[in-house]
Amino acid sequence: MSQSCCHAHSKTSDAAPAAARGPKPGPEPDTVIDPVCGMTVRLNAGKPSLDYKGATYHFCNPKCRDKFAADPEAYLGSKPKPAEPEMPPGTIYTCPMHPEIEQVGPGTCPICGMALEPKGLPTGEEGPDPELISMQRRFLVGLPLAAGLLALEMGRHLGLPVDAVVPHQWNAWIQAALATPLVLWAGWPFFERMALSLKTGNYNMWTLIGIGTGAAYLFSLAALIAPGLFPAEFRTDGHVPVYFEAAGVIIVLVLLGQVLELRARARTGDAIRALIGLQPKTARRVHGDGREEDVEIAEVQTGWRLRVRPGEAVPVDGVVVEGSSAVDESMVTGEPIPVEKAGGDSVTGGTVNGRGGFVMEATRVGADTMLSRIVAMVAQAQRSRAPIQRLADRFAAIFVPAVVAVAVVAFIAWSMFGPSPAMLYGLIAAVSVLIIACPCALGLATPMSIMVATGRGALAGILVRDAAALETFAAADTIVVDKTGTLTEGKPRLTGIVPFGGADENRILALAAGLETGSEHPLAAAILAAAAERRVTPARVAGFASVTGEGVEATADGVAVALGNAAMMTRAGADPSDAEAEAERLREQGATVVHLAEGGRLLALLAVTDPVKESAKPAIDALHRDGVRIVMATGDQEGTARAVARELGLDEVHAGLKPEDKARLIRTLSEGGRVVAMAGDGVNDAPALAAASVGVAMGTGADVALESAGLTLLKGDLAALVRARALSRATMRNIRQNLFFAFVYNAAGVPVAAGVLYPVFGVLLSPIIAAAAMSLSSVSVIGNALRLRTLRL
């Protein structure tokens, strides 16, 4: 969200109210001030606005607009401004870096010291971040104070006539007057967090910042008030110098780093806000009497009929009952090509209707819609922790105490062996070590990448349940895939009939269709579709019975008929061996063979083929180039499975498997040292998905099972799997880069700050430079993580 709100510009003349022309000075010509929160927003940027008493008022978000609309005079100075509404009682707050920390109400994380955030789903209409506003205010107040401190302390070195303006004897006292509010007010949150870290034993960046700036400020205050307490080792030219400017400037630099960090962290939520923005605010309800009205989206109930006009977003999940159109489902599948929708087809809330119009019946509303569940999953994933984070946690646990020890050693070493004034050099080195070693960049390295990556994935139809799934999928070297619906279309077609004994094809098809009438099996659908296409009426059958794993049997015109595999033929008294050679030939072509018997003799073979998806071969090739072994695990016949495997170039084939057999195969592969990912439909393959190192549910739009796996691909093909692989590999590469930057920065910065370069180069790092470097390291890590937003998938 923009850090600005806006105010109003007149639609009439200069006689518009003064408030309409802006109660606050300072906005740029193309910006105005929001009368609610006082922030600045750029005009013509699509922000909400409202007309009131001849003036147009602009706002940073709908929440501010709604507040203004409810009581405009409260914000125009005619009556006191109402207080900001508080979060509902009992709201749970959590830490963005340590999601295991939860409490009722706001506060500070006892582990890392960050401000807690409300837990729950964003609404897309949140106002400005109060933590960011507080840090900005403290920074803006502290900046001129720090500039004054630098001028007083360093001005004479820059040729400024400081002594002519400020008497020398008053210089240090004025510095104290400027530094005290800067340190004790602007920097107060840092000392609160330091105190909490010492109390809980969770030492973090605030421990080092608090000790470092506190030591510089208290030393300077004591040197000003009671200089006689200090030995000669602290004196230069007979005086004990003060370091108010170091303490003050460090505070301002840390505040600047916090402002930049909070702004960047806010951008990690752009993906969620983009998803939320897809849902329209209202829906067009069609009543039973034909009357239509616009209703708030929150009021929509299941069973309501809703009209979707050309160009509008589908309000909720539902089924088309009238009309037809092409719908852009890219927000669900990541695919840009619109999908044709007609009566009986499902539509997903948030997808965009094309030029046609239709009436739909709402089937899922509120939190049950696909869009709401996607947002919930992204929010959950962004707060999860990747296993690689444990490396940073272990390092940070010992790092802060080690840094304090290094600072103490540096002070002692300088005091004993350094040039005069030795203890003064020791103080500078100790403070520099404490400041430059702040492990904030280390703590941000993993969470920032995860937050950005999960949001980027959601916009491409890749839903990540948690960070561990993303990390594991990046390391997977074997992917087990189902055949039907994953490698193939999942919509078999009857591609051939082989009659025996001169049987008529239409009679064969009529008998087969009669046996399959009412069945929901994909093979049955293919036979019934072929009968309908040829205008063949299904035969009337009686005494229908289904034999699990074999087929179906019944009687037609008093004659026993059976349809199924070879075992079913044997049961029906027919000998399938005579047709085995022909059946094998069909299987080698990738067909599933169905036998039909009548009166105890084999009547025909029906070849049903499930076409391979066009995207399957390029995707398999891409995964192979990435070093992944592809294994097919299917319940289909051996010959059919091997034909598909040959066409696609798969590495391994396991056919005729039941769900428990697939799970057993995955456990065997895992025990052999492989990191196994399982890609399936998330329902029939549930045991295998659970057995795999990471399960990948291959879905199709609103029918996807979001709860079934670590990763869910809303576009159910292997091209989406390749995109997910690219996302996971890029994310882990980004995390490793961040950790490398953070580790190397601390490894190089601490000894330099301690003064190891002084004996050779005469270089002793200033605490101010250390603070700037520390802030820059955090910002660089965040900036690197944000690069994932532009990742091409």
Side-chain angles (χ1 to χ4, degrees), residues 384 386-387 462-488 490 549 610 612-613 616 619-620 622-624 626-638 640-642 644-646 648-700 704-729 732:
S384 64
I462 304 165
L463 301 187
V464 181
R465 171 157 305 286
D466 53 43
L470 202 63
E471 179 175 341
T472 304
F473 191 59
D477 54 21
T478 303
I479 298 179
V480 178
V481 295
D482 186 27
K483 180 179 77 71
T484 305
T486 302
L487 299 174
T488 63
D610 186 5
V612 172
K613 291 182 178 179
I620 294 293
L623 292 170
H624 277 152
D626 201 26
V628 179
R629 184 175 179 82
I630 310 297
V631 178
M632 180 201 291
T634 179
D636 209 341
Q637 300 163 344
E638 181 84 17
T640 305
R642 291 201 174 276
V644 173
R646 281 195 302 272
L648 296 177
L650 303 186
D651 300 292
E652 207 172 312
V653 180
H654 297 268
L657 302 184
K658 297 177 181 179
E660 57 268 27
D661 297 329
K662 293 182 181 180
R664 192 177 301 113
L665 169 64
I666 288 174
R667 284 193 291 270
T668 301
L669 291 170
S670 299
E671 290 167 0
R674 293 197 167 271
V675 181
V676 183
M678 169 66 193
D681 62 15
V683 180
N684 297 331
D685 296 315
L689 289 168
S693 302
V694 58
V696 183
M698 310 287 285
T700 51
V704 67
L706 289 177
E707 302 299 324
S708 58
L711 296 175
T712 299
L713 308 181
L714 299 180
K715 179 67 173 177
D717 64 16
L718 289 187
L721 197 67
V722 174
R723 291 197 294 270
R725 176 77 170 180
L727 175 68
S728 64
R729 296 292 292 270
M732 296 312 301

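Side chains of T712 and R465 form no contact here, defined as non-hydrogen atoms less than 4.5 Å apart. In this structure, the side chains of T634 and T640 stay at 4.5 Å or more apart for every pair of heavy atoms.
Here the closest non-hydrogen pair linking M678 and D482 is CE-N, 4.4 Å. Residues A691 and A663 approach most closely at CB-O, 3.9 Å, considering heavy atoms. Scanning both residues, A641 and A655, for their nearest heavy atoms gives CB-CB, 3.8 Å. Across every non-hydrogen atom of L713 and A724, the tightest pair is CD2-CB, 3.8 Å. For the pair V676 and A692, the tightest heavy-atom approach, listed with the atom from each and the gap, is O-CB, 3.6 Å. The shortest non-hydrogen separation linking A633 to L657 is CB-CD1, 3.9 Å.
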Side-chain donor-acceptor distances from residues 470-480 under 3.5 Å, at least two apart:
unit_1 : atom_1 : unit_2 : atom_2 : d
E471   : OE1    : I388   : N      : 3.0
T472   : OG1    : A468   : O      : 2.8
D477   : OD1    : V675   : N      : 3.1
T478   : OG1    : R674   : NH1    : 3.2

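Considering only residues two or more places apart in sequence or on other chains, D661 meets the salt bridge (Lys or Arg N to Asp or Glu O under 4.0 Å) condition with R664. With sequence neighbours excluded, the residues satisfying side-chain hydrogen bond (donor to acceptor under 3.5 Å, both in side chains) with E652 are R629, H654. When the side-chain hydrogen bond (donor to acceptor under 3.5 Å, both in side chains) test is applied to R729, the partners found at least two apart in sequence or on another chain are D626. With sequence neighbours excluded, no residue forms a salt bridge (Lys or Arg N to Asp or Glu O under 4.0 Å) with R646. Qualifying side-chain contact (heavy atoms from CB on, under 4.5 Å) partners for A616, counting only residues two or more places apart in sequence or in other chains: V612, K613, L648.
A donor-acceptor contact shorter than 3.5 Å is absent between the side chain of D651 and the backbone of V631.
Atom CG of L650 is separated from atom CZ of R642 by 10.5 Å, given to the nearest 0.5 angstrom. The distance from the CG atom of L727 to the CD1 atom of I462 is 5.0 Å, given to the nearest 0.5 Å. From L689, atom CG reaches atom CD1 of I666 across 7.0 Å, with rounding to the nearest 0.5 Å.
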